[in-house]
K.L.:
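This is the structure I want to talk about, given as structure tokens.
Residue numbers begin at 1 in each chain, while the letters A, B, ... track the order of the sequences.
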Amino acid sequence: MKEVTKMSDDFDRWYTDVIRKAEMADWSGVRGMMVVRPYGWAMWEAITRAFDDMIKESGHENWAFPLLIPQQLLIKEAEHIEGFGPEVAWVTRAGAAKEELEEPLAVRPTSETIVGHLIRRYIQSHRDLPKLTNQWNSVVRWEMRSRLFLRSREFWWQEGHTFHASAQEARDEVALILGYYRSIAEDWLAVPVFGGKKSPAETFAGAVYTMTLEGLMRDGVALQMGTSHYFGQNFARAYDISFSNKDNERELCYSTSWGISTRLVGALVMAHGDDSGLIVPPRIAPIQVVIVPIHRDPESRAKVEAFIGGLATELKAAGIRHRVDWRDERPGDKYAHWELKGVPLRLNVGARDADAGTVEMVDRLSRQRVSVPASGIGRRLTDELEAFQKKLFERALVYRRENTFELATLDEVVAHFKERGGFVWVPWSGDTECEERIKAEAGGVTIRTIDPDARPSGKCIVCGKPAEYRVALAKAY
RNA sequence: CGGGCGGUAGCUUAGCUCGGUAAAGCGCCUGGUUUGGGACCAGGAGACCGCGAGUUCAAAUCUCGCCCGCCCGACCA
């Protein structure tokens, strides 16, 4: 349990160490593919439950579509296959004799193509629209370089695919989902995000436009935390998804797709952790409160046990996810253990607490010890967890504020990213050549998102023409 | 996928140059003493030395191929 690399020494090693020592995930021995352990998966489950509730509320339905996509289907949308082609894995043989298949089958890297192909059966009339589908699944992308949770060859996600009778309705859907994603990032994961459109170079292959959310990790590197795409009629045209409108004319659907993935679990680690390990937001935490019993002899143990029994009953009644650590270890070892795992609140409970009718409460952020009355503990801890969630978000917000800048020239940008990370807002002409030059000269810095609100002032930092957009630059995972 | 480095017990590593009975710390098991910030003593289990070939009387050690991981690039939820 000891010896997690210090975050300040080597962020990348710290990240891997924490995930492995906190028992969240491991590499599997199959290149680039991970095994997600219960503690990590439980965090993903908290995200899936929250998001699934949101989309059900607005009429989306879960489906299951095939894992394998025939080659002919995959290649129908030209831009899409051009974008995803390099990272597709293929099944070319099957059966006892490993016979060559007549047509190679792609392992889905994303399912626009197979969903588009299949959904047309279920859409005939405007009365069948909108068709709001989602699936929870895993996809495979043949990544060359992998990183636990952030980039693995297989990852778990939800992919929503929706089909609409009008462009406006589809655009509204894209915005609605981006709002849900913002809520997941900010209200659940306590990670503040900048949201807006992607530049053309960063737009999803086959989309008209892509909306994104970008968070900032504690090493100053940005992370894309969710995307929502508007396809116009691009996929409907390629897959012939049409309907009869009210005037009995054939019309192509307008479609969208959107996804968040297990990457978000990595985001929570990198956005909140410290040298002692994880700090898990209460709403995501598999264990919100851990109770560490302290006792010397059988008598004190019996007393503490009875006292904790009462506490546990109250916590359960209050709906707090909790655990009592009865392992035969010393208290100090348990403190370090649960801090590494990022449990928001800890209660140290010994005989003298039992006598006094109090518990010693320690939160993972301040680590201050506070004696609180045992009576009404359920209510108190519920409030504390809520406050913790807020404090964690505020802390992340302050960090982002301190690491967000406004610059006016390419030289300044280049100099900035030599020294540090964070977000840098700049005016941009909208030209792809300017975007490419920023990337080349500032060492891999990319346009993360376009400011949806502010009108740009000044000139493009590259070409000097009047700027069309105000954009956030950052290095990104 | 290119360049560099590595893989020995659950984890971190020594041993490899110069071939000769596989080691340590942590973790794990048992017993005891302990327990309000990472305990101590004693005993014990645990290793196809990444996999496969080759050289040799003999390979963790030398050679070749493959697999997996790390770092740097190009690609990405």
K.L.:
How many Å lie between CD on E360(A) and P on G36(B), as a whole number?
P.N.:
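For the pair E360(A) CD and G36(B) P, the rounded distance is 12 Å.
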K.L.:
Using the P atom on both, measure G4(B) against G65(B) and round to a whole Å.
P.N.:
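One P to the other, the span is 13 Å.
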K.L.:
Can you confirm if the NZ or CZ of R171(A) lies within 45° of the ring axis of Y230(A) and under 6.0 Å from the centre of its six-membered ring?
P.N.:
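Checked: cation-pi criterion met.
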K.L.:
In the strands shown, is G2(B) matched to any nucleotide by a Watson-Crick or G-U wobble pair with both distances under 3.5 Å, and which?
P.N.:
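Base partner found: C72(B).
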K.L.:
Below the 4.0 Å mark, does G37(B) have OP1 or OP2 next to a side-chain nitrogen or oxygen of R330(A)?
P.N.:
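Negative; the distance criterion is not met.
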K.L.:
Give S28(A) one of three labels, base, sugar-phosphate or nothing, depending on what nucleic acid heavy atoms sit under 4.0 Å from its own.
P.N.:
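If one applies the 4.0 Å heavy-atom cut-off, S28(A) turns out to touch nothing in the nucleic acid.
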K.L.:
To the nearest Å, how far apart are Y181(A) OH and A77(B) P?
P.N.:
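Taking OH of Y181(A) and P of A77(B), I get 13 Å after rounding.
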K.L.:
Nearest to the side chain of R346(A) - G37(B), A77(B), G36(B)?
P.N.:
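So the side chain of R346(A) is nearest to G37(B).
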K.L.:
Measure from the side chain of D353(A), starting at C-beta and using heavy atoms only, and say which of G36(B), G38(B), C75(B) lies closest.
P.N.:
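Of the candidates, G36(B) comes closest.
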K.L.:
Tell me the interatomic distance from K334(A), atom NZ, to U34(B), atom C1', rounded to whole angstroms.
P.N.:
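About 13 Å, once rounded to whole Å.
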K.L.:
Just name whichever nucleotide pairs with C51(B), Watson-Crick or G-U, keeping both distances under 3.5 Å, else none.
P.N.:
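Across any shown strand, C51(B) pairs with G65(B).
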K.L.:
The side chain of D328(A) lies closest to which of these nucleotides: G36(B), C68(B), U34(B)?
P.N.:
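Closest nucleotide among those given: U34(B).
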K.L.:
Can you identify which nucleotide, out of G36(B), A77(B), G38(B), has its nearest atom closest to the Y335(A) side chain?
P.N.:
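When the side chain of Y335(A) is considered, G36(B) is the closest of G36(B), A77(B), G38(B).
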K.L.:
Is there any ring-ring contact (aromatic ring centres under 6.0 Å, His included) pair reaching into residues 263-286 of chain A, and which pairs are they, with sequence neighbours excluded?
P.N.:
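ring-ring contact (aromatic ring centres under 6.0 Å, His included) check on residues 263-286 of chain A returns no pairs.
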K.L.:
Can the positive tip of R218(A) be found less than 6.0 Å from the middle of the six-membered ring of Y399(A), inside 45° of the ring normal?
P.N.:
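R218(A) over Y399(A) ring: yes.
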K.L.:
Taking only the P atom of each, what is the distance from C75(B) to G10(B) in whole angstrom?
P.N.:
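So the two P atoms sit 40 Å from each other.
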K.L.:
Sticking with atom P, work out how far U8(B) lies from G3(B), rounded to a whole angstrom.
P.N.:
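Their P atoms lie roughly 24 Å apart.
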K.L.:
In whole Å, measure the gap between the P atoms of A53(B) and U12(B) for me.
P.N.:
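It comes out at 28 Å once rounded to the nearest Å.
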K.L.:
Would you mind reading off the distance between W27(A) atom CH2 and C67(B) atom P, rounded to a whole angstrom?
P.N.:
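One finds 17 Å between P of C67(B) and CH2 of W27(A), rounded.
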K.L.:
From the list C1(B), G37(B), G69(B), which nucleotide is the closest neighbour of the side chain of M144(A)?
P.N.:
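Taking heavy atoms from C-beta onward, the closest nucleotide is C1(B).
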K.L.:
D12(A) has a side chain; which of G38(B), A77(B), C71(B) sits nearest to it?
P.N.:
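Output: C71(B).
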K.L.:
With rounding to whole Å, what would you report as the distance between C18(B) and A59(B) at their C1' atoms?
P.N.:
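To the nearest whole Å, 14 Å.
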K.L.:
What residue pairs, at least two apart or across chains, pass ring-ring contact (aromatic ring centres under 6.0 Å, His included) with a residue in residues 12-36 of chain A?
P.N.:
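Checked against ring-ring contact (aromatic ring centres under 6.0 Å, His included) - neighbours excluded - the pairs reaching residues 12-36 of chain A are F11(A)-W14(A).
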K.L.:
Would you call the rings of W258(A) and F51(A) parallel, tilted or perpendicular, where under 30° means parallel and over 60° means perpendicular?
P.N.:
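Taking F51(A) first and then W258(A), their aromatic rings stand perpendicular (interplane angle over 60°).
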K.L.:
Give one of base, sugar-phosphate or nothing for W157(A), where a contact means two heavy atoms less than 4.0 Å apart.
P.N.:
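Here W157(A) touches no strand at all.
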K.L.:
Just how far, in rounded Å, is C1' of A74(B) from CD of E436(A)?
P.N.:
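Taking atom C1' of A74(B) as the reference, CD of E436(A) is at 14 Å.
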K.L.:
Looking at G43(B), which nucleotide sits across from it as a Watson-Crick or G-U wobble partner, both distances under 3.5 angstrom, or is there none?
P.N.:
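Because both required distances fall under 3.5 Å, G43(B) counts as paired with C29(B).
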K.L.:
If you assign each of V362(A) and A476(A) to its closest nucleotide in RNA chain B, which residue comes earlier from the 5' end?
P.N.:
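On the 5' side of the pair lies V362(A).
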K.L.:
Send over the distance from W136(A) CH2 to A77(B) P, rounded to a whole Å.
P.N.:
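That distance rounds to 18 Å.
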K.L.:
Mapping R145(A) and M33(A) to their closest nucleotides on RNA chain B, which lands nearer the 5' end?
P.N.:
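Counting from the 5' end, the first nearest nucleotide belongs to M33(A).
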K.L.:
Contact class for E143(A) vs. all strands (heavy atom < 4.0 Å): base, sugar-phosphate, or nothing?
P.N.:
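Base, at least one base atom sits under 4.0 Å.
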K.L.:
Who is the Watson-Crick or G-U wobble partner of U35(B), with both distances under 3.5 Å?
P.N.:
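Its partner: none found.
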K.L.:
Examine W157(A) together with W136(A) and report whether their ring centres are nearer than 6.0 Å.
P.N.:
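Ring-ring flag for W157(A)/W136(A): false, centres at least 6.0 Å apart.
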K.L.:
Report the distance from atom CH2 of W14(A) to atom P of C70(B), rounded to the nearest whole Å.
P.N.:
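Interatomic distance, CH2 of W14(A) to P of C70(B): 17 Å.
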K.L.:
Contact class for G29(A) (heavy atom, under 4.0 Å): base, sugar-phosphate, or nothing?
P.N.:
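It contacts sugar-phosphate atoms only.
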K.L.:
Using a cut-off of less than 4.0 Å, is there contact between a side-chain N or O of W142(A) and OP1 or OP2 of C75(B)?
P.N.:
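For C75(B), neither OP1 nor OP2 has a side-chain N or O of W142(A) closer than 4.0 Å.
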K.L.:
Quick one: do K303(A) and E299(A) satisfy salt bridge (Lys or Arg N to Asp or Glu O under 4.0 Å)? Show the steps, please.
P.N.:
CA-CA 6 Å; K303(A) 187 191 282 180; E299(A) 297 93 276; over 6 Å; no
K.L.:
Relative to the ring of W156(A), is the ring of W41(A) parallel (under 30°), tilted (30 to 60°) or perpendicular (over 60°)?
P.N.:
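Perpendicular: the ring planes of W41(A) and W156(A) meet at over 60°.
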K.L.:
Side chain of D333(A) only, heavy atoms from C-beta on: which candidate in C75(B), G38(B), G69(B) is closest?
P.N.:
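Closest of the options to the side chain of D333(A): G38(B).
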K.L.:
Across the strands shown, which category fits L264(A) at heavy-atom distances under 4.0 angstrom: base, sugar-phosphate, nothing?
P.N.:
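Nothing, no nucleic acid heavy atom in range.
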K.L.:
On a whole-Å scale, what distance lies between the C1' atoms belonging to A47(B) and A60(B)?
P.N.:
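Result for the C1' pair: 11 Å, nearest Å.
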K.L.:
Taking any heavy-atom pair under 4.0 Å as a contact, classify E339(A): base, sugar-phosphate, or nothing.
P.N.:
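Base contact.
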K.L.:
In whole Å, measure the gap between the C1' atoms of A45(B) and U30(B) for me.
P.N.:
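So the two C1' atoms sit 10 Å from each other.
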K.L.:
Provide, to the nearest angstrom, the distance between the CD atom belonging to E329(A) and the C1' atom belonging to G27(B).
P.N.:
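That distance rounds to 10 Å.
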K.L.:
Within the structure shown, what part of the strands sits under 4.0 Å from R13(A) by heavy-atom distance: base, sugar-phosphate, or nothing?
P.N.:
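No contact at all - R13(A) keeps every heavy atom at 4.0 Å or more from the nucleic acid.
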K.L.:
Please classify the nucleic acid contact of A351(A) as base, sugar-phosphate, or nothing, using heavy-atom distances under 4.0 Å.
P.N.:
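Touches a base.
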K.L.:
Taking C16(B) as the reference, what is the distance to G31(B) when you measure between their C1' atoms (whole Å, please)?
P.N.:
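My reading of the C1' atoms in G31(B) and C16(B) gives 40 Å.
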K.L.:
Mind checking G32(A) for me? I need base, sugar-phosphate or nothing, with any heavy atom below 4.0 Å counting as a touch.
P.N.:
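Sugar-phosphate contact only - G32(A) comes under 4.0 Å of backbone atoms but never of a base.
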